[in-house]
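Since the structure comes first, as structure tokens, the remarks are kept for the end.
Chain naming here is simple, since letters A, B, ... match the order of the sequence lines and numbering starts at 1 in each.
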Amino acid sequence: MKSVPLRALGWPQIKPIPLAIAGVLAAILPMILNSSYWVGVCTLALIWMVLNQSWNLVLGYSGIWNFGQLAIYAIGGYAAALVSLHTGLPWPIALVVGGFAATLVSLVLAIPSVRLRGIYVSLLTFGFSEVVRLLVIADKTGITGGTFGLSGFDGYGLQSMEPQARYRLIYWIALAFVIITLVAMYFIVRSPLGTGLMALRDNPSLAAARGVSPIKYQLLSFGISGFFAGIAGGLYAFTYGVVSPSLMGLGQMTLLVTMMVVGGLGTLTGPLIGTAIITLVQAELQNWPEIRLILLGLVLLAIVVLMPRGVVPLLAGRMGRLNSWMSAGESKESKPTATSTKT
Amino acid sequence: MNAILQTLVSTIVQGSILALISIGMTLVYGTLRVLNMAQGVMVMVGGFAAYTVVDRTGVSPWISIAVAAAVTFLLGVLTYYMAVKPLLGRPGVDFEMTAFITTFAVATIVQNIILMIYGPRQKPFDPLWPGGINITSEVSITYHSMIMAVLAVGALVALGLFLSRSRYGLAITAVAQNLDAARLMGIPARRVYVVTMGIAAALAGIAGVLLAPLYFVYPNAGDLPLLQALIVVIFAGLGSVKGTIYASYIIGFLSSAVAIFWSSAFALPVLYIVILVVLVVRPNGIAGKPQEARL
Amino acid sequence: MVQVSTTSTPLLRARGVVKRYGGLAAVDGVDFDVFEGETFGIAGPNGAGKTTLFDVVTGITSATDGVIEFAGEPIQDATVHDICHRGISRTFQLPSVFDSQTALANVLVGAQFGQPRSWFTAGRTDADMLDRAKRELIFVGLAKKASALGGPLPVYDKKRLMIASALATQPRMLFLDEPFGGLSPSEVDELMVLLSKVKERGITIVLIEHVMRALMALSDRVLIMNQGKTLFQGSPADVLRDEEVVRVYLGRRGDREEGAPDA
Ligand SMILES: Nc1ncnc2c1ncn2[C@@H]1O[C@H](COP(=O)(O)OP(=O)(O)OP(=O)(O)O)[C@@H](O)[C@H]1O
Ligand SMILES: [Mg+2]
């Protein structure tokens with residue numbers, strides 16, 4: 001069995017050096033950036049990274065065309081805000097409550113979604129997202145605050161802190177959740193759950209014929225994805241002290257889908273890299289909101305048309321070819337015996 | 001009694017307009033397997049095109065309908081070349097999903113270009129024929145909504161004749177029914193695609209002009225029609241022309257009834273719940289075939 | 001040959017199986033039994049309903065009518081994955097694999113999901129299952145291509161990969177839909193050796209095949225279908241002597257371009 005190494009599974013590998021560099025850079029970023037505006041931009045990017053990773057589990061790894069994730073995210077945010085507003089519970093509990101509320105809604109959305117064929121799922125979930133947004137806007141009961149949303153809750157409860165230190169702390173909290181989500185996704189992708197989800201995505205009838213229950217595992221993927229999306233919503237609520245229907249909407253959806261598509265769906269680092277790139281672009285264009293969305297639309301169109309797998313697999317492919325080219329050259333020059341024993 | 005009469009009138013008007021918008025989506029899906037998310041902005045652009053010609057040249061709003069149809073036809077063709085053609089025949093990529101995203105991207109681009117040019121404010125548009133008649137002391141119909149229904153139905157009939165009589169129309173029908181067979185008979189599928197996208201957009205553009213006096217002209221004017229059309233096409237089962245027409249009037253009735261008897265804010269959510277139930281019971285819509293697999 | 005006692009209860013029992021697509025009866029009242037350990041061959045002209053019969057038995061599509069029992073229990077209403085868990089595994093006529101996954105990961109799917117498991121164990125990777133996946137990949141002779149992606153593999157490799165992932169589910173019964181279709185003569189020979197090794201493992205095989213040489217060599221009993229109905233059922237030796245089979249199926253060997261019966 002030595003002849004078949006575990007590496008042959010093609011699972012994502014941990015590359016310690018790049019990972020360590022990225023981790024350290026991310027951790028000290030708020031010290032390097034001396035403007036609270038840019039720390040704020042980066043914090044928002046981190047929240048989106050949590051959201052996009054969660055979305056990627058359903059959209060990328062499971063191949064289910066769920067376009068309702070923003071509603072799930074918003075519901076997590078509203079739930080966390082409501083807990084913070086009406087109870088004295090500490091913020092981590094409020095976040096987790098938001099996560100579970102989102103899980104619940106995500107599972108409800110999953111029930112019709114796993115029964116339907118691709119394009120119907122996208123219609124259904126897209127409609128769900130819009131209906132939730134319209135319902136919140138039309139809400140006159142005061143629970144959600146209608147168009148203006150909810151504010152005035154404690155959130156992290158850091159109001160007494162000196163602003164610069166506070167911004168940094170909030171950044172680090174968000175960073176911690178990015179890492180937690182990444183670790184969770186890493187283990188999911190390498191677990192039977194990940195294997196089963198990707199099998200269902202690649203070839204549903206073959207997967208079922210190999211014993212993968214579509215409903216069971218796709219519901220599970222919706223549930224987990226919903227939880228992290230809800231956490232992302234709670235992070236947004238506590239970072240900015242406000243949740244409103246503007247968390248959802250078509251513009252927001254264009255933005256986040258572009259991030260995932262640019263980075264590469266169905267990859268671990270794609271949502272992170274895509275989010276970083278697009279956040280930067282859109283922060284630079286903050287003062288021209290119309291041009292910003294036109295440009296985002298163009299980027300989305302161009303990426304889907306020109307490199308539908310996104311940036312990460314493209315780079316990984318280039319790196320892989322480079323590596324194999326270098327190692328091929330090596331073995332030709334220095335290890336002629338190694339090749340002769342193989343044949 | 002009055003409320004019921006009101007509902008009936010509203011059903012006919014709304015249903016006809018909905019049919020006009022969603023028939024285009026169904027046609028495009030049937031021939032190309034593209035769910036055109038830009039159909040909503042076509043409605044909006046139709047309104048803006050009509051507004052602009054009337055505002056600049058002072059021509060009659062009737063002529064502006066033709067202008068709007070022409071402009072949106074071209075925009076539909078452009079959408080085909082930008083968002084659909086590059087994806088055709090590419091292996092290893094899910095065509096339906098990527099086309100969903102690219103047409104969505106086109107919608108975002110067009111919407112924001114309009115926003116940049118015209119700004120976010122709502123622009124008024126005069127009814128094609130002002131005034132109206134009272135049926136009873138409380139129920140009245142504006143002439144404009146009568147015209148809406150008549151024009152919409154007229155456009156649908158014209159479309160039906162076009163599809164069943166003309167050469168191009170027959171080609172579209174053939175491609176929608178069986179692409180391979182149509183190719184074998186020598187029908188140029190790509191040209192059929194372009195024309196279908198153009199016609200679908202033009203129908204939405206006409207609907208946009210008809211809706212303009214009621215809901216004004218503004219960059220988000222296409223959002224609600226898109227959502228309603230999506231509900232119609234899911235309800236009907238994608239690709240079924242007959243199913244779409246029935247579904248348009250059913251959905252038109254439901255949304256009028258909810259709006260009149262309850263509140264217009266709940267029209268869309270109620271429709272959505274209806275759709276959910278329909279889909280759970282019949283996963284391929286009312287006219288679609290039931291699912292085969294026991295997965 | 002494995003000795004089959006026809007008095008014992010069959011492993012698979014099908015009675016009056018009907019599958020209608022609209023007005024067309026793709027399978028029209030087929031009865032057959034398959035006994036533990038034997039290899040049961042199915043042949044017939046194109047469109048005879050062979051694949052449809054497979055689809056009905058393995059749950060890919062639901063039967064219009066009829067009873068199918070596996071190990072004494074009815075399975076005609078069971079789901080696809082449930083049927084797999086009960087011990088029936090299949091391959092598909094068109095080579096189909098998980099395109100974006102490596103060969104080893106393809107087989108791992110069968111190893112991890114072939115037996116019933118509850119959802120909360122979905123996070124646990126089991127070393128046994130990994131070993132089984134590797135073993136089956138070596139068994140079909142794809143060890144060298146373990147890390148190659150499934151999608152770009154050549155036809156023969158895809159077919160073997162499908163068999164490996166089916167075997168990884170630890171089936172009692174293996175359904176093979178034209179495993180020899182589209183292979184070169186030398187590949188046919190290799191695959192015949194592989195399938196006889198599968199047989200030696202005690203796995204019951206149901207085999208659809210146009211390549212008569214392979215069908216005759218491997219099968220203990222054969223079923224010839226035509227237009228959804230049973231044309232012949234019996235021993236391989238008798239098939240060639242049956243006038244009706246020769247007239248309807250074997251006689252037209254010149255008409256078919258690929259996989260023509262060459263016995
Ligand atoms: N999903 C379906 N819908 C409608 N008809 C179908 C469907 N699947 C199969 N058929 C029809 O059922 C009949 C039997 O098809 P089947 O694929 O079972 O034949 P087969 O014996 O496997 O042929 P081949 O040797 O070509 O593989 C054919 O006439 C086919 O057209
Ligand atoms: Mg077949």
Using only non-hydrogen atoms and a strict under-4.5 angstrom cutoff, which residues of residues 155-162 of chain C touch chain A?
C:Met162
Using a cut-off of under 4.5 Å for heavy-atom pairs, which of C:Ala122, C:Cys84, C:Ala111 has the most such pairs with chain A?
C:Ala122
Using non-hydrogen atoms and a 4.5 Å limit, figure out which bit of C:Gln112 sits close to chain A: side chain, backbone, both or neither.
side chain
At what distance, to the nearest 0.5 angstrom, does CG of A:Asp202 lie from CG of C:Asp99?
6.0 Å
Pull out the residues in residues 167-180 of chain C that come under 4.5 Å of chain A, heavy atom to heavy atom, sorted by number.
C:Thr169
Measure the spacing between CG of C:Leu130 and CG of A:Leu9 and express it to the nearest 0.5 Å.
5.5 Å
So, for A:Ala8 and C:Thr102, which heavy atoms are closest and what is the spacing to 0.1 Å?
O-OG1, 2.6 Å
Which atom names give the shortest non-hydrogen contact between C:Val97 and A:Leu206, and what distance separates them?
CA-CD2, 3.6 Å
Please report the C-alpha distance between C:Lys134 and A:Leu6 in whole Å, then the side-chain angles of each, then the deciding distance to 0.1 Å, and finally whether the side-chain contact (heavy atoms from CB on, under 4.5 Å) criterion is met.
CA-CA 9 Å; C:Lys134 288 182 189 174; A:Leu6 220 94; 3.8 Å; yes
List for me each residue that meets ring-ring contact (aromatic ring centres under 6.0 Å, His included) alongside C:Phe32, sequence neighbours excluded, and say none if there are none.
C:Phe40
Between C:Arg90 and A:Arg210 (side chain of the first, backbone of the second, donor and acceptor by atom type, cut-off under 3.5 Å), is there such a pair?
no
Are there residues of residues 184-194 of chain A that reach to under 4.5 Å of chain C by heavy atoms, and which ones?
A:Arg190, A:Ser191, A:Pro192, A:Leu193
Counting neighbours of CD1 on A:Ile17 that are heavy atoms of other residues, nucleotides or ligands and sit closer than 6.0 Å, is the number greater than 12?
no
I need the minimum non-hydrogen distance between C:Ser96 and A:Asn203, along with the two atoms involved.
CB-ND2, 3.3 Å
Pick one of side chain, backbone, both or neither for C:Arg117, based on which atoms fall under 4.5 Å of a heavy atom in chain A.
both
Indicate the atoms forming the closest heavy-atom contact of C:Ala105 with A:Thr195, along with that distance.
O-CG2, 4.3 Å
Please report the shortest heavy-atom distance between A:Val4 and C:Ala146, naming the atom on each side.
CG1-CB, 3.7 Å
Test item: C:His85 side-chain N/O and A:Gly211 main-chain N/O as donor-acceptor pair under 3.5 Å:
yes
Heavy-atom pair with the smallest gap, counting every atom of A:Arg201 and C:Ser100:
NH2-OG, 3.0 Å
How many angstroms lie between atom CH2 of A:Trp11 and atom OG1 of C:Thr125, to the nearest 0.5 angstrom?
4.5 Å
